[in-house]
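Please read the structure below before turning to the comments.
Since the structure is predicted, the reported quantities are computational estimates derived from the model, not experimental observations. We count residues from 1, following the sequence as given. Reckoned from all heavy atoms, side chains included, excluding hydrogens, waters and symmetry mates.
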Amino acid sequence: VAQKLTENGFGREKVAGILCGRTKEFTVGYLGVMKAGGAYVPLDPEYPQSRIEYMLNDSQADNLLVMDQYRELVEFYDKNVISSLDDVAEEAKEFELSVELTPPRPENLAYMIYTSGSTGKPKGVMIEHRNLLNLIEYLVSSRKMTPDFTVAEFASFCFDASVVDLFAPLTVGAMLYILPEGIRKDAVAVAKFVREENITTITIPTQIGELVTELLEEAPALRFATL
């Protein structure tokens with residue numbers, strides 16, 4: 001992913017949209033974007049097409065990473081489209097990097113997340129790498145995270161709460177689970193998932209979080225549940 005972006009002229013202070021739904025390919029996408037030196041804008045396939053178009057135009061994203069199942073949502077997009085995320089695992093088996101990647105600097109943009117737009121047009125909130133690194137270091141040190149942690153990512157990728165769980169576990173070699181869309185609105189299913197997968201850390205909205213915690217009387221592996 002990073003190589004394909006670099007070949008498209010991608011790099012520092014440039015933005016790429018990611019439209020993957022709640023899949024492991026989203027992780028491949030944002031890590032690839034950052035390895036190429038740029039920033040990512042998460043796009044939710046449940047958004048109206050008009051909102052997706054607005055976010056891509058407003059962020060000036062010249063590259064878009066997309067899963068094949070969502071291509072129809074971005075038929076309007078006429079810039080660089082990288083649609084091989086469906087096949088990235090297979091392609092990686094014999095891959096050899098043949099371009100020089102540009103690492104980001106602390107002051108460079110890491111990601112841009114848009115507000116809900118409830119009071120008008122959505123606005124992009126821009127976060128630099130140094131801010132993200134400070135958050136990661138705080139989470140790792142305060143939670144004493146180690147490779148034996150198993151973190152469940154619950155929040156929408158389009159909300160900043162997602163960042164709490166997307167990055168820290170990977171920096172220490174821990175496991176990251178992305179909760180499937182099908183169970184995120186079902187407190188019983190979420191609680192069952194936390195128990196059966198021995199989740200150690202989860203960040204979850206208060207409303208459903210209170211229901212989930214009531215159902216988690218027996219979840220011995222759980223160490224941190226942030227509501």
Side-chain angles (χ1 to χ4, degrees), residues 1-2 5 10-44 55 59 61 63 65 85 88-89 92 101-115 124-181 184 193-194 197-205 209 221-227:
V1 171
L5 286 167
F10 191 73
R12 295 172 184 149
E13 299 302 305
K14 295 190 176 182
V15 174
I18 306 180
L19 182 61
C20 296
R22 297 189 61 79
T23 64
K24 64 181 184 298
E25 283 77 17
F26 181 81
T27 305
V28 173
Y30 72 74
L31 290 178
V33 167
M34 289 186 167
K35 286 186 72 68
Y40 75 92
V41 174
L43 305 167
D44 193 327
M55 292 167 67
S59 64
N63 287 270
L65 312 179
L85 285 178
V88 70
L101 303 180
T102 304
R105 298 191 179 102
E107 68 272 16
N108 289 144
L109 187 64
Y111 63 87
M112 183 185 299
I113 288 181
Y114 277 78
T115 61
V125 179
M126 298 181 287
I127 302 298
E128 297 174 348
H129 277 273
R130 54 190 165 194
N131 304 120
L132 176 59
L133 182 58
N134 286 339
L135 174 63
I136 293 171
E137 290 182 340
Y138 167 75
L139 292 169
V140 170
S141 62
S142 64
R143 296 178 176 181
K144 297 180 172 57
M145 296 184 75
T146 59
D148 68 341
F149 269 55
T150 303
V151 179
E153 198 291 312
F154 180 95
S156 165
F157 299 144
C158 295
F159 288 95
D160 56 3
S162 66
V163 179
V164 172
D165 293 324
L166 284 174
F167 290 93
L170 300 184
T171 64
V172 299
M175 184 175 294
L176 172 64
Y177 273 100
I178 295 175
L179 265 72
E181 189 65 50
R184 287 177 65 242
F193 182 91
V194 169
E197 301 299 339
N198 293 316
I199 299 299
T200 56
T201 304
I202 185 170
T203 303
I204 190 168
L222 188 63
R223 305 181 198 179
F224 298 96
T226 304
L227 307 185

Nearest 0.5 Å, please: how far is [atom2] in [Y] from [atom1] in [X]?
X	Y	atom1	atom2	answer
M175	D148	CE	CG	11.0 Å
S59	Y111	OG	OH	15.5 Å
E181	T23	CD	OG1	11.5 Å
T146	K144	OG1	NZ	11.5 Å
L135	F167	CG	CZ	9.5 Å
L222	N198	CG	CG	10.5 Å

Test ring pair (Phe, Tyr, Trp, His ring centres under 6.0 Å) applied to Y177 - qualifying residues, sequence neighbours left out: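 F193.
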Using atom types as modelled and distance alone, determine if a side-chain donor or acceptor of [X] lies under 3.5 Å from a backbone N or O of [Y].
X	Y	answer
R223	T201	no
T200	T150	yes
E137	L139	no

Counterpart residues, side-chain contact (heavy atoms from CB on, under 4.5 Å), relative to P205 (two or more places apart):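 Checked P205 against side-chain contact (heavy atoms from CB on, under 4.5 Å); matches are F154, I208.
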Charged tip of R143 within 45° of F149 ring normal and under 6.0 Å: no
Stepwise side-chain contact (heavy atoms from CB on, under 4.5 Å) test for V163 and L132: CA-CA 8 Å; V163 179; L132 176 59; 3.4 Å; yes
May I ask you to test the [X]-[Y] pair for a side-chain heavy-atom distance under 4.5 Å?
X	Y	answer
E153	L176	yes
I178	F157	yes
P106	E128	no
I204	T226	no
L109	I127	no
R12	R105	yes
V1	V28	yes
L65	L5	yes

From CA spacing to verdict: side-chain contact (heavy atoms from CB on, under 4.5 Å), V125, D160: CA-CA 9 Å; V125 179; D160 56 3; over 6 Å; no
Flag if over 12 foreign heavy atoms under 6.0 Å of CZ, R130: yes
F159 atom CZ, neighbour heavy-atom count above 12 within 6.0 Å: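 Counting neighbours around CZ of F159, 12 or fewer heavy atoms of other residues, nucleotides or ligands fall under 6.0 Å, so no.
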Side-chain donor-acceptor contact under 3.5 Å, E13 with N108: yes
Considering all heavy atoms, the nearest A61-G17 contact: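 So the minimum-distance heavy-atom pair works out to CB-N, 4.0 Å.
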Heavy-atom pair with the smallest gap, counting every atom of S162 and A155: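 Closest heavy-atom pair between S162 and A155: N-CB, 3.7 Å.
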Candidate pair T203 and L227, rule side-chain contact (heavy atoms from CB on, under 4.5 Å), full reasoning: CA-CA 6 Å; T203 303; L227 307 185; over 6 Å; no
Distance-only donor-acceptor hits, side chain of residues 29-44, under 3.5 Å, sequence neighbours excluded:
from: Y30; atom 1: OH; to: L166; atom 2: O; distance (Å): 2.7
from: D44; atom 1: OD1; to: E46; atom 2: N; distance (Å): 2.8

